[in-house]
Peer 1: 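Here it is: the structure, laid out below.
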Amino acid sequence: MCEQFVARAAEPFRIDELWPFAERLERYGIAGFGWGAAWLNAESPDGTLESHRDVRAFRDDPVREAIGLTETTSLLVHLRRPSRLSTIGLDDTQPFDDPAGRYAFSHNGDFERHAELRAGYRAEGRIRGRADTEVGARWLEDAWDSAASVPRLLETLHDTFGGLANLAVLSRNGEAWHYAGNRDNPVFTFQLGRIAVAATGLYSLDRSFFRFVAPGATDRRLVPLRTTAGLVTQPLSEAIVTTG
């Protein structure tokens, strides 16, 4: 079971402010089979997203130190523990970048019906890896412009593919979204200082997330199933959480 989180603040923060949290999430989430991140370029006037992926564990990737020096207002991190170890490889390492640069996307869980659409995307030359998430990423690329809202789009994606699915999106306008659709791995929102976070909460039936991973978190909330948490900001204010 992978772990993932999105984070946002009203003012730029150094990404490595969240590295201790990411380290604990990987450790207690029993991840470590690759990781990736996407973040908003704080100096870009047109909302450019940058990203990095590696098949090594987050704790073993030396590039994370350079990434950590970067300042941003919006971040997505995915820590991989694939359901099928045969899918370990860079092509299946998340998050997935939208080819048009509109957003980054990641997934935690299993899609039940990905095989039904995989063949069509493969025939179009759009499938490179072996995991289910890439099929969902291709669907999202096609559906993005017709979406009334990101929460509705993520709900429809889950309805289309079924299964247990937490879905995270970081868009180039800085919006950060986390859909809760995996009853075995709940999603929580909380504050780490001035940074708002929406994160998966460990595959742990005793719900020990805040004891081991985010002990200093405030304003802790459980995101209801089939609900999307959005991290939004207001001028001169901390990031706040909305659900829809």
Peer 1: Verify the cluster assignment for Val197 and Leu222: are they in a single hydrophobic cluster under the rule of side-chain heavy atoms below 4.5 Å apart?
Peer 2: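 As far as the 4.5 Å side-chain criterion goes, Leu222 and Val197 are connected within one cluster.
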Peer 1: For a 4.5 angstrom cut-off between non-hydrogen side-chain atoms, does Val150 reach Ser171?
Peer 2: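 Heavy-atom side-chain distance check fails, nothing below 4.5 Å.
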Peer 1: Mind listing the closest non-hydrogen atom pair of Trp19 and Gly68 along with its distance?
Peer 2: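 Looking at all heavy atoms of both residues, the shortest contact is NE1-CA, 3.6 Å.
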Peer 1: Please name the pair of heavy atoms, one in Leu79 and one in Ala22, separated by the smallest distance, quoted to 0.1 Å.
Peer 2: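 Shortest heavy-atom contact: CD1-O, 3.6 Å.
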Peer 1: Do Arg81 and Glu3 meet the salt-bridge criterion of a basic N to acidic O distance under 4.0 Å?
Peer 2: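 Salt bridge: no.
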Peer 1: Step through the shown structure and confirm whether more than 12 heavy atoms of other residues, nucleotides or ligands are within 6.0 Å of CZ on Arg128.
Peer 2: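 No.
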Peer 1: Does any non-hydrogen side-chain atom of Asp98 lie less than 4.5 Å from one of Phe105?
Peer 2: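 No. Closest side-chain heavy atoms not under 4.5 Å.
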Peer 1: Over all heavy atoms of both residues, which pair between Asp206 and Ser208 is shortest? Give the atoms and the distance, please.
Peer 2: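 Taking Asp206 first and Ser208 second, the nearest heavy atoms are OD1-OG, 2.9 Å.
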Peer 1: Any sub-3.5 Å donor-acceptor pair from Asn185's side-chain atoms to Leu202's backbone N or O?
Peer 2: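 Judged by distance alone, yes, a pair lies under 3.5 Å.
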Peer 1: Working to the nearest 0.5 Å, report the span between CZ of Phe5 and CD1 of Ile195.
Peer 2: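 Nearest 0.5 Å value for the CZ-CD1 distance: 9.0 Å.
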Peer 1: Below 4.5 Å, heavy atoms only, C-beta onward: do Gln4 and His178 meet side chain to side chain?
Peer 2: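 In contact.
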Peer 1: For Val77 and Leu18, run side chain to side chain contact (heavy atoms under 4.5 Å, CB included): C-alpha distance rounded to whole Å, both residues' side-chain angles, the deciding distance at 0.1 Å, then the answer.
Peer 2: CA-CA 10 Å; Val77 171; Leu18 292 175; over 6 Å; no
Peer 1: With rounding to the nearest 0.5 angstrom, report the CD to CG distance, Glu26 to Asp60.
Peer 2: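 Glu26 atom CD to Asp60 atom CG measures 7.5 Å (nearest 0.5 Å).
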Peer 1: Could you tell me if the ring centre of Trp139 sits under 6.0 Å from that of Tyr121?
Peer 2: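 They do not qualify: ring centres at least 6.0 Å apart.
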Peer 1: Measure the shortest side-chain to side-chain distance between Tyr179 and Arg226 over non-hydrogen atoms and say whether it is less than 4.5 angstrom.
Peer 2: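 They are in side-chain contact.
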Peer 1: Would you name the heavy atoms of Val6 and Ala176 that are closest together and state the gap between them?
Peer 2: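 Heavy atoms of Val6 and Ala176 come nearest at CB-CB, 3.8 Å.
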Peer 1: So, taking the atom named CD1 in Ile88 and the one named CZ in Phe33, what distance separates them when rounded to the nearest 0.5 Å?
Peer 2: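 Separation between the atoms: 5.5 Å.
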Peer 1: Check for a donor-acceptor pair, side chain of Ser149 on one end and backbone N or O of Arg152 on the other, with a separation under 3.5 Å.
Peer 2: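 A pair under 3.5 Å: yes.
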Peer 1: Taking Glu134 first and then Arg138, would you say they form a salt bridge - that is, a charged N and a carboxylate O separated by under 4.0 Å?
Peer 2: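 So Glu134 pairs with Arg138 through a salt bridge.
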Peer 1: Counting heavy atoms not belonging to Leu225, are there more than 12 under 6.0 Å from its CG?
Peer 2: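 Above 12, so yes.
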Peer 1: Between Asn108 (side chain only) and Cys2 (backbone N and O only), is there a donor and an acceptor less than 3.5 Å apart?
Peer 2: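 Side chain of Asn108 to backbone of Cys2, a donor-acceptor pair under 3.5 Å: yes, one is there.
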Peer 1: If hydrophobic clusters are built by linking Ile, Leu, Val, Met, Phe, Trp and Tyr wherever their side-chain heavy atoms come under 4.5 Å apart, do Phe210 and Phe212 end up in the same one?
Peer 2: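 Yes, Phe210 connects to Phe212 through the hydrophobic network.
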Peer 1: Hydrophobic clustering (ILVMFWY, side-chain heavy atoms < 4.5 Å, transitive) - are Ile15 and Val63 grouped together?
Peer 2: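 Yes, Val63 and Ile15 fall within the same hydrophobic cluster.
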Peer 1: Keeping the roles fixed (side chain from Arg113, backbone from Asp159), state whether a donor-acceptor pair exists under 3.5 Å.
Peer 2: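 Side chain of Arg113 to backbone of Asp159: a pair is present.
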Peer 1: When rounded to the nearest 0.5 angstrom, what is the spacing between OH in Tyr103 and CZ in Arg172?
Peer 2: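 It comes to 11.0 Å.
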Peer 1: Would one find more than 12 heavy atoms of other residues, nucleotides or ligands at under 6.0 Å from atom CD of Glu43?
Peer 2: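 Check fails, neighbour count at 12 or below.
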Peer 1: Can a salt bridge be assigned to the pair Arg194 and Glu17 using a cut-off of 4.0 Å between side-chain N and carboxylate O?
Peer 2: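 Counted as a salt bridge, because a side-chain N and a carboxylate O are separated by less than 4.0 Å.
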Peer 1: Rounded to the nearest 0.5 Å, what separates atom OG1 in Thr70 from atom CZ in Phe13?
Peer 2: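 It is 11.0 Å, given to the nearest 0.5 Å.
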Peer 1: Mind listing the closest non-hydrogen atom pair of Asp97 and Ser51 along with its distance?
Peer 2: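 Shortest heavy-atom contact: OD2-OG, 2.7 Å.
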Peer 1: Between the side chains of Asp145 and Arg102, is the shortest nitrogen-to-carboxylate-oxygen separation below 4.0 Å, so that they form an ion pair?
Peer 2: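 Looking at Asp145 together with Arg102, the answer is yes, because their closest N to O distance falls below 4.0 Å.
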Peer 1: Check this for me: does any side-chain nitrogen of one of Arg53 and Asp91 sit under 4.0 Å from a carboxylate oxygen of the other?
Peer 2: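 So Arg53 does not pair with Asp91 through a salt bridge.
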Peer 1: Look at the rings of Phe209 and Phe188 and say which category their plane angle falls in: under 30° parallel, 30 to 60° tilted, over 60° perpendicular.
Peer 2: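 Parallel.
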Peer 1: Using the rule side chain to side chain contact (heavy atoms under 4.5 Å, CB included), only one of Leu170, Ile67, Leu40 pairs with Thr72; which is it?
Peer 2: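 Of Leu170, Ile67, Leu40, side chain to side chain contact (heavy atoms under 4.5 Å, CB included) with Thr72 is met by Leu40 alone.
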Peer 1: I'd like to check Trp144 versus Val169 (side-chain heavy atoms, cut-off strictly below 4.5 Å). Are they in contact?
Peer 2: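 Yes, at least one pair of side-chain atoms sits under 4.5 Å.
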Peer 1: Hey, could you give me the OG1/CZ distance between Thr160 and Phe111, rounded to the nearest 0.5 Å?
Peer 2: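 Spacing of OG1 (Thr160) from CZ (Phe111) equals 9.5 Å.
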Peer 1: Could you tell me if the side chain of Phe161 sits less than 4.5 Å from the side chain of Glu116, heavy atoms only?
Peer 2: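 No, side chains not in contact.
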Peer 1: Spell out, as yes or no, whether a donor-acceptor pair under 3.5 Å connects the side chain of Asp110 to the backbone of Gly163.
Peer 2: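 Judged by distance alone, no pair lies under 3.5 Å.
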Peer 1: Is there a path of hydrophobic side-chain contacts, each under 4.5 Å between heavy atoms, that joins Leu164 and Val135?
Peer 2: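 No, no single cluster joins them.
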Peer 1: Verify, without hydrogens or angle tests, whether Arg8 (side chain) and Leu231 (backbone) share a donor-acceptor contact under 3.5 angstrom.
Peer 2: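 The answer is yes, because a donor-acceptor pair under 3.5 Å joins these two groups.
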Peer 1: For the pair Asp219 and Gln191, evaluate side-chain hydrogen bond (donor to acceptor under 3.5 Å, both in side chains) and give the outcome as yes or no after the intermediate values.
Peer 2: CA-CA 6 Å; Asp219 197 18; Gln191 292 283 148; over 6 Å; no
Peer 1: Are Thr133 and His107 close enough, and set up right, to give a side-chain hydrogen bond (donor to acceptor under 3.5 Å, both in side chains), and what steps lead you there?
Peer 2: CA-CA 6 Å; Thr133 303; His107 162 234; 2.7 Å; yes
Peer 1: Just wondering, are more than 12 heavy atoms of other shown residues or ligands nearer than 6.0 Å to CZ in Arg118?
Peer 2: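 Yes - once you tally the heavy atoms of other residues, nucleotides and ligands closer than 6.0 Å, there are more than 12.
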Peer 1: Quick check: does any side chain N or O of Asp54 sit under 3.5 Å from a backbone N or O of Asp61, one acting as donor and the other as acceptor?
Peer 2: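 A pair under 3.5 Å: no.
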Peer 1: For Asp142, is there an ion pair with Arg126 - N to carboxylate O distance below 4.0 angstrom?
Peer 2: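 Yes.
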Peer 1: Under a 4.5 Å side-chain heavy-atom rule over Ile, Leu, Val, Met, Phe, Trp and Tyr, are Trp39 and Trp35 clustered together?
Peer 2: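 The answer is yes; both residues are in one hydrophobic cluster.
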Peer 1: Which atoms form the tightest heavy-atom contact between Ala229 and Thr189, and what is the distance?
Peer 2: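 Closest approach of Ala229 to Thr189, heavy atoms only: CB-CG2, 3.7 Å.
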Peer 1: What's the verdict on side-chain hydrogen bond (donor to acceptor under 3.5 Å, both in side chains) for Asn166 and Thr200, showing C-alpha distance, side-chain angles and the deciding distance?
Peer 2: CA-CA 8 Å; Asn166 292 323; Thr200 52; 5.8 Å; no
